[in-house]
Amino acid sequence: MKFITVTNQKGGVGKTALSLHIAEYAARAKGARTLLVDLDGQRNATFLATGRARYEAGTVLDLWNDELPVPRPMASRMSFDVLPGNEYAAEVDKQPVEETQKALYRLHSLDYDLVVFDTPPAVGARQVVPMQQGGLLVVPLEPEIQAIQGLAGLLHIWTDIAQEIRLDLRLVVNKRIKNSTHQEAILDTLRRSAAAGPHMLPEELTARTLVPNALKDGRPVWDYDRSDPAAAVWAGVCKQLTEQVLAVDDAETQEEAHG
């Protein structure tokens with residue numbers, strides 16, 4: 001089982017949209033049995049993937065209850081399955097982090113090739129523990145000052161975890177406004193940064209209504225409007241991200257995880 005964690009310490013940067021597209025690309029283009037786990041209490045991924053935001057039972061919170069079986073994932077409107085989010089998910093961040101570690105470890109009993117975590121934008125167990133599963137950390141970045149203020153803290157967390165287990169990092173520019181000198185200046189600073197630059201994908205996802213319109217229709221952008229040039233860029237980004245993590249040998253990852 002491989003893992004991709006999509007996170008940022010700032011909301012509104014396109015985290016959920018990228019999570020959904022990564023899961024769909026892995027399932028359809030790569031034929032990987034893919035599960036999207038919605039750890040964000042806002043449950044946007046659950047709503048966009050299934051058409052329903054609220055589930056009374058069988059949500060991620062069941063993972064924290066040892067007396068309940070591992071919840072059965074739901075089929076999405078796309079090609080992957082989803083473990084629905086829960087509006088009270090933030091409560092688990094008040095528990096010892098070990099409880100979240102045990103909860104997410106229960107996912108190993110499910111038969112999937114890839115698990116994609118859509119995490120909350122706040123530092124806590126639901127953001128950090130998914131990274132501890134290894135694999136790939138994907139950070140969508142909107143090229144605005146307020147959107148990258150938390151990047152240093154996130155990179156620090158990643159550095160600590162990556163010393164213990166293989167966790168690759170990719171920074172994905174999203175909501176890029178073409179011809180914006182302000183954004184270009186910010187991106188130039190990031191590209192020159194020794195901490196961020198080597199991990200940035202060269203492709204940039206632009207600010208387009210194509211993405212929310214496609215997801216409201218329950219489809220990825222490349223199915224919604226193939227004539228739009230942005231659709232090919234989204235597919236290319238998802239191709240790189242999924243191929244990077246799926247190509248990692250399981251034995252190598254387990255050896256690093258157990259020392």
Side-chain angles (χ1 to χ4, degrees), residues 2-30 32 34 36 45 114-119 121 127 130-131 134-145 147-159 161-162 166-180 182-208 210-211 214-215 220-222 228-248:
K2 310 291 178 61
F3 298 92
I4 295 178
T5 299
V6 183
T7 196
N8 194 308
Q9 294 179 0
K10 168 71 170 60
V13 296
K15 173 180 56 66
T16 295
L18 191 54
S19 298
L20 291 162
H21 279 85
I22 290 171
E24 177 66 3
Y25 191 91
R28 280 187 55 185
K30 295 301 178 182
T34 304
L36 176 65
L114 176 67
V115 174
V116 179
F117 292 110
D118 184 31
T119 67
Q127 184 183 79
M131 301 183 208
L136 180 64
L137 173 61
V138 177
V139 181
L141 287 175
E142 184 179 1
E144 299 291 343
I145 292 296
I148 63 174
Q149 286 178 338
L151 182 59
L154 188 57
L155 291 178
H156 181 73
I157 294 171
W158 166 72
T159 299
I161 294 174
R166 178 166 183 173
L167 179 64
D168 294 332
L169 171 67
R170 286 294 175 265
L171 308 179
V172 181
V173 176
N174 190 28
K175 298 188 177 182
R176 175 78 162 96
I177 299 175
K178 294 297 185 181
N179 302 319
S180 169
H182 168 69
Q183 287 193 350
E184 182 56 40
I186 293 173
L187 290 175
D188 184 62
T189 300
L190 286 173
R191 294 188 190 106
R192 293 173 180 271
S193 165
H199 307 288
M200 294 180 66
L201 287 186
E203 294 81 4
E204 298 175 350
L205 303 174
T206 55
R208 304 290 291 273
L210 170 71
V211 180
L215 291 177
V221 294
W222 50 79
D228 193 311
V233 179
W234 272 83
V237 166
C238 292
K239 179 177 186 293
Q240 290 186 63
L241 299 175
T242 54
E243 286 184 347
Q244 179 170 346
V245 71
L246 291 174
V248 175

Checklist entry - Hey, mind stepping through R208 and D228 against side chain to side chain contact (heavy atoms under 4.5 Å, CB included) and telling me if it holds? => result CA-CA 10 Å; R208 304 290 291 273; D228 193 311; 2.7 Å; yes
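- Shortest non-hydrogen contact noted between N8 and Q127 is O-NE2, 3.4 Å.
- Distance CD1/I186 to CD/E142: 9.0 Å, rounded to 0.5 Å.
- Under the 4.5 Å side-chain criterion, counting only non-hydrogen atoms from C-beta, L169 is in contact with L155.
- The minimum heavy-atom distance linking L201 with Q240 is given by the pair CD2-OE1, 3.6 Å.
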Checklist entry - Under the salt bridge (charged side-chain N to carboxylate O under 4.0 Å, His left out) criterion, do E243 and R170 qualify, and how do the steps go? => result CA-CA 13 Å; E243 286 184 347; R170 286 294 175 265; over 6 Å; no
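- Between V172 and L241 the shortest heavy-atom distance is CG2-CD1, 4.3 Å.
- Counting all heavy atoms, side chain and backbone alike, A45 lies closest to L36 at CB-CD2, 4.0 Å.
- Of the possible polar contacts, none joining the S193 side chain to the T189 backbone as a donor-acceptor pair under 3.5 Å is found.
- When all heavy atoms of Y25 and A235 are compared, the closest pair comes out as CE1-O, 3.7 Å.
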Next on the checklist: Please evaluate residues K15 and D118 with respect to the criterion side chain to side chain contact (heavy atoms under 4.5 Å, CB included), reporting the C-alpha separation (whole Å), side-chain torsions for both, the decisive distance (0.1 Å), and the verdict.
Outcome noted: CA-CA 7 Å; K15 173 180 56 66; D118 184 31; 3.0 Å; yes
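- Around NE2 of H182, the count of heavy atoms belonging to other residues, nucleotides or ligands within 6.0 Å exceeds 12.
- Atom CZ of F3 sits about 9.0 Å away from atom CG of L114, to the nearest 0.5 Å.
- The distance from atom CD of Q244 to atom CG of D168, rounded to the nearest 0.5 Å, is 4.5 Å.
- In this structure, Q183 contributes its side chain and I177 its backbone to a donor-acceptor pair below 3.5 Å.
- Interatomic distance, CD1 of I4 versus CG of L18, reported as 9.0 Å (0.5 Å rounding).
- Side chain of W158 to main chain of M131: no donor-acceptor pair is present (N/O by atom type, distance under 3.5 Å, no hydrogens or angles).
- Using a 30° and 60° split on the angle between ring planes, H21 and W234 fall in the tilted class, from 30° to 60°.
- Here the closest heavy-atom approach between residue G135 and residue V245 is recorded as CA-CG2, 4.0 Å.
- Test L205, N174, L151, L187 against L141 for side-chain contact (heavy atoms from CB on, under 4.5 Å) and you get one pass: L151.
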Next on the checklist: Between K175 and E144, does the side chain to side chain contact (heavy atoms under 4.5 Å, CB included) criterion hold? Intermediate values first, please.
Outcome noted: CA-CA 10 Å; K175 298 188 177 182; E144 299 291 343; over 6 Å; no
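- In this structure, E184 pairs ionically with R176, as a charged nitrogen and a carboxylate oxygen lie closer than 4.0 Å.
- In this structure, T119 contributes its side chain and V6 its backbone to a donor-acceptor pair below 3.5 Å.
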